[in-house]
Amino acid sequence: MESDLNDYTVIKEGEAEILLHKKNQVFFNKAQVNNRDMSIAVLREFISKRKQEHEAKLSKRNRSASNVVDKDSSQASKEGTPIENGEHQVASEDPPSSASKKPEGVALRGLQPPKVLEALSASGLRALRYAREIEGIGQVVALDNDIASVEACQRNIKFNGSLAISKVESHHTDARVHMLTHPNEFDVVDLDPYGSPSIFLDSAIQSVSDGGLLMCTATDMAVLCGGNGEVCYSKYGSYPLRGKYCHEMALRILLASIESHANRYKRYIVPVLSVQMDFYVRVFVRVYTSASAMKNTPLKLSYVYQCIGCDSFHLQPVGRSLPKNNSVRYLPAIGPVVAQECNHCGKKYNMGGPIWSAPIHDQEWVTSILNSVKSMKDRYPAYDRIYAELVDVPLFLSLHNLCATLKCISPSAAIFRSAVINANYRISGTHVNPLGMKTDAPMEVIWDIMRCWVKNHPIKAQAPELPGSVILSKEPSHQVDFSRHVGSLSKAQAKKVARFLPNPEKHWGPKLRAGRQITSKHVSLIGHEAVNGHLTQHHEELKEEEEAVQEDNTQEELDAKRLKTTEDIASTS
């Protein structure tokens with residue numbers, strides 16, 4: 001190992017250390033430390049919640065068993081024979097009820113530590129951090145279909161000592177095959193592929209145990225955000241729209257796709273945390289099995305109508321439910337929710353989706369995770385920018401986009417938020433975009449606020465056919481109050497906390513796929529210095545090889561000359 005260490009760089013992250021080869025043989029991206037930190041925080045919360053749920057289930061079963069025993073004792077006392085003190089003798093020939101036995105057997109079986117599958121492990125850094133930093137974690141299985149990655153992972157497991165060796169195991173196999181051949185085996189499945197996770201979702205859903213946690217990353221943001229709508233539909237079964245909210249729509253498309261795969265096996269998902277960070281989206285969902293609960297899926301999905309003129313958007317649910325006696329009847333939704341032309345500016349609509357329109361966070365989980373992070377803030381540098389947002393409002397508005405449509409100066413965020421709150425609606429920021437605002441106010445109210453703003457801040461006359469001119473030609477139907485409201489500042493703004501931090505380093509985005517040769521075209525990904533340094537090193541290596549070849553050739557020529565001279569001398573003599 002000592003002779004090989006010159007070819008490696010030691011990377012330390014959290015409590016784990018890995019050996020990274022200088023020739024980019026195994027993929028590693030430093031910027032995704034935020035992803036790994038967040039995953040550790042959610043896993044800690046999952047272990048805690050899982051334990052609470054298990055204890056609650058045992059308590060419920062024990063209470064049920066106690067009630068059954070009390071009922072049996074009461075019945076037996078009624079049928080027993082009277083004795084002198086007026087009590088009854090209970091017959092002892094009857095065996096105890098099976099109901100009383102079952103909870104005792106369950107209580108004897110303790111909750112096993114959660115078994116984790118990292119389906120695409122690469123260097124194994126994530127698996128090693130799980131094993132070393134999360135208390136109560138069980139076995140961590142790291143898979144990869146690349147032999148160089150598996151060798152690197154096994155080398156890093158040994159490099160991290162006995163704890164890692166006892167908890168982490170690495171295998172060279174196709175993750176899809178492994179997950180399909182181990183159904184319902186893993187309490188946690190982590191998918192963090194290079195690009196799209198779509199080809200792994202079906203097998204991942206089958207390998208998660210009932211109530212387990214699926215963690216999934218997608219880095220193909222160009223596809224999910226509308227750059228290639230037809231490709232997105234082929235991979236995720238949903239058509240994206242290129243609105244300001246496209247990154248949140250990407251999250252919701254991924255959730256809808258996971259739900260679709262789950263429904264094929266009478267399963268459904270409950271998102272606990274969903275975020276868009278840097279150059280990717282990351283979702284954490286619980287997976288449950290229930291044929292009846294699965295029927296609610298159409299109520300959690302919607303199509304999106306987006307106006308091509310003013311960017312107003314409306315949601316069209318896929319299904320609806322009607323209570324009928326003691327049951328629920330599921331029906332197609334009534335629509336459409338919009339006319340052929342936008343009633344604000346008169347332009348046509350684009351339709352996208354379906355997307356996940358139910359909440360993308362579990363508020364209890366988020367609050368608990370934030371409290372845990374605050375208690376260990378030094379270990380979670382990525383969480384400086386987390387703050388609350390409305391969880392039941394899909395997508396968001398962009399204040400600057402509204403003003404661009406009307407070609408007016410923009411009100412401050414506090415003034416706009418005050419107007420919405422004074423109109424008795426809710427509003428919050430969004431973690432996806434610093435200028436985004438989530439609100440349950442309808443678009444009619446939003447445009448009335450902007451009409452009143454323009455009346456107080458006049459603009460130049462515009463062509464009458466422009467969307468902004470059509471909107472401003474209508475009189476506001478709501479009275480707008482711009483007076484400053486106490487809730488107009490978010491908690492982060494009130495505390496003067498930076499919600500959107502600067503980039504962690506230069507060229508922090510997606511990195512080169514492992515093993516790819518670095519050329520001058522990769523400047524935008526890794527920077528001039530890295531490319532020039534690598535090319536310089538490459539040229540030096542080539543030059544050394546050429547010099548070695550020349551020396552060999554020269555030596556061969558000298559040997560040939562010596563041989564010829566010797567032969568000439570021998571022939572002369």
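Values below: every heavy atom of this structure, side chains too, minus hydrogens, waters and symmetry copies. What you see is a predicted model, and the numbers here were worked out from it, not measured in a lab.
- The aromatic rings of H314 and Y349 lie perpendicular to each other, with more than 60° between the two planes, well past the 30° mark.
- Proximity of C403 to P411: side-chain heavy atoms (C-beta onward) are separated by under 4.5 Å at one or more points.
- For Q479, the CD atom counts as loosely surrounded, since its 6.0 Å shell holds 12 or fewer non-hydrogen atoms of other residues, nucleotides or ligands.
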Given V480 and N422, is the side chain to side chain contact (heavy atoms under 4.5 Å, CB included) satisfied, shown in steps? CA-CA 8 Å; V480 179; N422 290 332; over 6 Å; no
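- Proximity of K115 to S209: side-chain heavy atoms (C-beta onward) are nowhere separated by under 4.5 Å.
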Go through the steps to decide whether S39 and D190 satisfy the test side chain to side chain donor-acceptor pair (under 3.5 Å), and finish with yes or no. CA-CA 9 Å; S39 302; D190 192 338; 4.7 Å; no
Would you sort out whether N401 and S398 count as a side chain to side chain donor-acceptor pair (under 3.5 Å), showing the intermediate values? CA-CA 5 Å; N401 212 41; S398 170; 5.3 Å; no
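- Distance alone, capped at 3.5 Å, is enough to place a donor-acceptor pair between the W453 side chain and the I409 backbone.
- The backbone N or O of V231 lies less than 3.5 Å from a partner atom in the side chain of S234, making a donor-acceptor pair.
- Note: H431 and H361 have perpendicular aromatic rings, judged against thresholds of 30 and 60 degrees for the angle between ring planes.
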Using side chain to side chain contact (heavy atoms under 4.5 Å, CB included), reason through L331 and L322 one step at a time and then give a plain yes or no. CA-CA 8 Å; L331 300 169; L322 287 176; 3.4 Å; yes
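- To the nearest 0.5 Å, the span separating CD1 on I258 from SG on C216 amounts to 4.5 Å.
- By the neighbour-count criterion of 12 heavy atoms within 6.0 Å, atom NZ of K244 is sparsely surrounded, having that number or fewer from other residues, nucleotides or ligands.
- Residue I360 comes nearest to S274 through the heavy atom pair O-OG, 2.8 Å, listed as atom of the first residue, atom of the second, then distance.
- Looking only at side-chain heavy atoms (C-beta outward), T217 and N35 come within less than 4.5 Å of each other.
- The neighbour count for E230 CD, taken as heavy atoms of other residues, nucleotides or ligands under 6.0 Å away, is above 12.
- Between N350 atom CG and L241 atom CG the span is 6.5 Å, to the nearest 0.5 Å.
- Heavy-atom neighbours of Y288 OH from other residues, nucleotides or ligands within 6.0 Å: above the threshold of 12.
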Does the pair M351 and V304 meet the rule for a side chain to side chain contact (heavy atoms under 4.5 Å, CB included), with working shown? CA-CA 6 Å; M351 189 181 79; V304 183; over 6 Å; no
Starting from the C-alpha separation in whole Å, work towards a yes-or-no answer on side chain to side chain donor-acceptor pair (under 3.5 Å) for E45 and S368. CA-CA 7 Å; E45 183 64 22; S368 184; 2.8 Å; yes
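- Of all non-hydrogen atoms in Y236 and P197, the two that sit nearest each other are OH-CD, 3.2 Å.
- For the pair R286 (side chain) and G211 (backbone), a donor-acceptor distance under 3.5 Å is present.
- Within the model, atoms CG of L43 and CG of L213 stand 6.5 Å from one another, a figure rounded to the nearest 0.5 Å.
- When all heavy atoms of M249 and Y239 are compared, the closest pair comes out as CE-O, 3.8 Å.
- The backbone N or O of R36 lies less than 3.5 Å from no partner atom in the side chain of R129, so there is not a single donor-acceptor pair.
- Considering every non-hydrogen atom in both I47 and I134, the closest pair reads CD1-CG2, 3.5 Å.
- Within 6.0 Å of CD in E53 there are more than 12 heavy atoms belonging to other residues, nucleotides or ligands.
- For F416 and F482, the gap between ring centers reaches or exceeds 6.0 Å.
- H182 and F186 have tilted rings, their planes meeting at an angle from 30° to 60° on a 0 to 90° scale.
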Pair Q316-Y305, side chain to side chain donor-acceptor pair (under 3.5 Å): steps then yes or no: CA-CA 8 Å; Q316 168 71 66; Y305 290 97; 4.8 Å; no
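- Two residues are said to be in side-chain contact when any heavy atoms from C-beta on lie closer than 4.5 Å; K300 and Y268 meet this criterion.
- The distance from atom CG of D220 to atom OH of Y194, rounded to the nearest 0.5 Å, is 11.5 Å.
- Of the inter-residue distances, the one linking E118 atom CD with L143 atom CG reads 8.5 Å to the nearest 0.5 angstrom.
- Within the 3.5 Å criterion, the main-chain N or O of P359 finds no donor-acceptor partner in the side chain of D392.
- Residues G136 and P113 share a closest heavy-atom pair of O-CB, 3.6 Å.
- Across F313 and P394, no two heavy atoms sit closer than the pair CE1-O, 4.1 Å.
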Stepwise, does the salt bridge (charged side-chain N to carboxylate O under 4.0 Å, His left out) test hold for R267 with E259? CA-CA 8 Å; R267 312 190 92 178; E259 175 80 351; over 6 Å; no
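- Between the side chain of D362 and the backbone N or O of W365 there is at least one donor-acceptor pair closer than 3.5 Å.
- Side chain of T439 to main chain of I427: no donor-acceptor pair is present (N/O by atom type, distance under 3.5 Å, no hydrogens or angles).
- Here the CD1-SG distance, from I253 to C232, works out to 4.0 Å after rounding to the nearest 0.5 Å.
- Counting heavy atoms of neighbouring residues, nucleotides and ligands inside a 6.0 Å radius, atom NZ of K51 does not exceed 12 of them.
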Begin from the C-alpha positions of R451 and E475 and carry the test salt bridge (charged side-chain N to carboxylate O under 4.0 Å, His left out) through to its verdict. CA-CA 8 Å; R451 289 186 184 104; E475 288 296 318; over 6 Å; no
I'd like to know whether Y130 forms a side chain to side chain contact (heavy atoms under 4.5 Å, CB included) with I40, so could you lay out the CA-CA distance, the side-chain angles of the two residues, the decisive distance to 0.1 Å, and finally the verdict. CA-CA 7 Å; Y130 289 167; I40 288 172; 3.9 Å; yes
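- By the 6.0 Å contact criterion, CZ on R320 is enclosed, its count of non-hydrogen atoms from other residues, nucleotides or ligands being greater than 12.
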